[in-house]
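Not measured: the values here are computed from a predicted model.
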Amino acid sequence: MTQVVASGSLSSPRGLVIDSSGRMIVADQANNAIRSVVSGVVSTIAGGSLGSVNGLGTVASFNAPYDVAVSSSGVIFVADNNNYQIRSIDTSGQRAH
């Protein structure tokens with residue numbers, strides 16, 4: 001399970017996917033974050049600031065993430081639009097290229 005590090009709200013949500021636990025995962029483009037939505041509660045999985053930094057939770061940064069996908073093992077893949085990269089968030093919340 002990905003570590004949820006902070007609460008938040010959505011701004012320009014783009015792609016979304018439902019993972020195997022029923023959690024909605026959203027690419028929150030204007031907030032440069034990847035969010036989860038469970039029972040109406042929005043939480044930050046990773047990011048929240050503009051950039052291209054790998055790290056745990058809110059240490060990570062994105063530049064207009066546009067879409068997300070989840071593997072059968074729970075790894076989240078992110079289309080980091082303005083960084084022109086596909087990035088991943090492992091099940092511990094550590095993001096890597």
Side-chain angles (χ1 to χ4, degrees):
M1 179 64 82
T2 302
Q3 177 186 15
V4 176
V5 295
S7 62
S9 59
L10 300 173
S11 180
S12 296
R14 296 297 179 195
L16 65 91
V17 65
I18 307 297
D19 71 7
S20 62
S21 69
R23 169 179 74 153
M24 182 187 308
I25 300 171
V26 181
D28 189 1
Q29 187 175 38
N31 284 320
N32 299 299
I34 305 305
R35 310 275 197 188
S36 69
V37 182
V38 177
S39 300
V41 177
V42 178
S43 300
T44 303
I45 296 172
S49 61
L50 179 63
S52 180
V53 175
N54 293 327
L56 184 62
T58 57
V59 171
S61 62
F62 297 92
N63 190 345
Y66 196 81
D67 206 358
V68 287
V70 179
S71 73
S72 60
S73 63
V75 174
I76 301 168
F77 293 95
V78 179
D80 194 2
N81 193 46
N82 289 345
N83 282 323
Y84 307 102
Q85 297 176 346
I86 301 297
R87 301 172 74 188
S88 64
I89 305 168
D90 70 21
T91 56
S92 70
Q94 181 66 42
R95 190 173 55 79
H97 283 241

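- For Asn63 (side chain) and Asn32 (main-chain N/O), no donor-acceptor pair under 3.5 Å exists by modelled atom type.
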Derivation of the side chain to side chain contact (heavy atoms under 4.5 Å, CB included) call for Arg23 and Ile45: CA-CA 12 Å; Arg23 169 179 74 153; Ile45 296 172; 3.8 Å; yes
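- Heavy-atom minimum distance, Pro65 versus Ala27: O-CB, 3.7 Å.
- Residues Ile89 and Ala46 share a closest heavy-atom pair of CD1-CB, 3.8 Å.
- In this structure, the side chains of Val38 and Ser43 stay at 4.5 Å or more apart for every pair of heavy atoms.
- Remark: Tyr66 OH is loosely packed, at most 12 non-hydrogen atoms of other residues, nucleotides or ligands lying under 6.0 Å away.
- In terms of heavy-atom proximity, Ser61 sits nearest to Ser52 at OG-N, 3.1 Å.
- Remark: Leu50 CG to Asn82 CG distance equals 8.5 Å, nearest 0.5 Å.
- Nearest heavy-atom pair across Ser21 and Asp19 is OG-OD1, 2.8 Å.
- Under the rule for a side chain to side chain contact (heavy atoms under 4.5 Å, CB included), the partners of Ser73 that lie at least two apart in sequence or sit in another chain are Ser71, Val75.
- Connection of Val42 to Ile18 is established within a shared hydrophobic cluster, with ILVMFWY side chains joined at heavy-atom distances below 4.5 Å, either directly or through further cluster members.
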Show me the donor-acceptor pairs, under 3.5 Å and distance only, between side chains in residues 10-17 and residues at least two apart or in other chains.
from: Arg14; atom 1: NE; to: Gln29; atom 2: OE1; distance (Å): 2.6
from: Arg14; atom 1: NH2; to: Gln29; atom 2: OE1; distance (Å): 3.2

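- Taking CD1 of Ile86 as the start and CG of Asn83 as the end, the distance is 11.0 Å to the nearest 0.5 Å.
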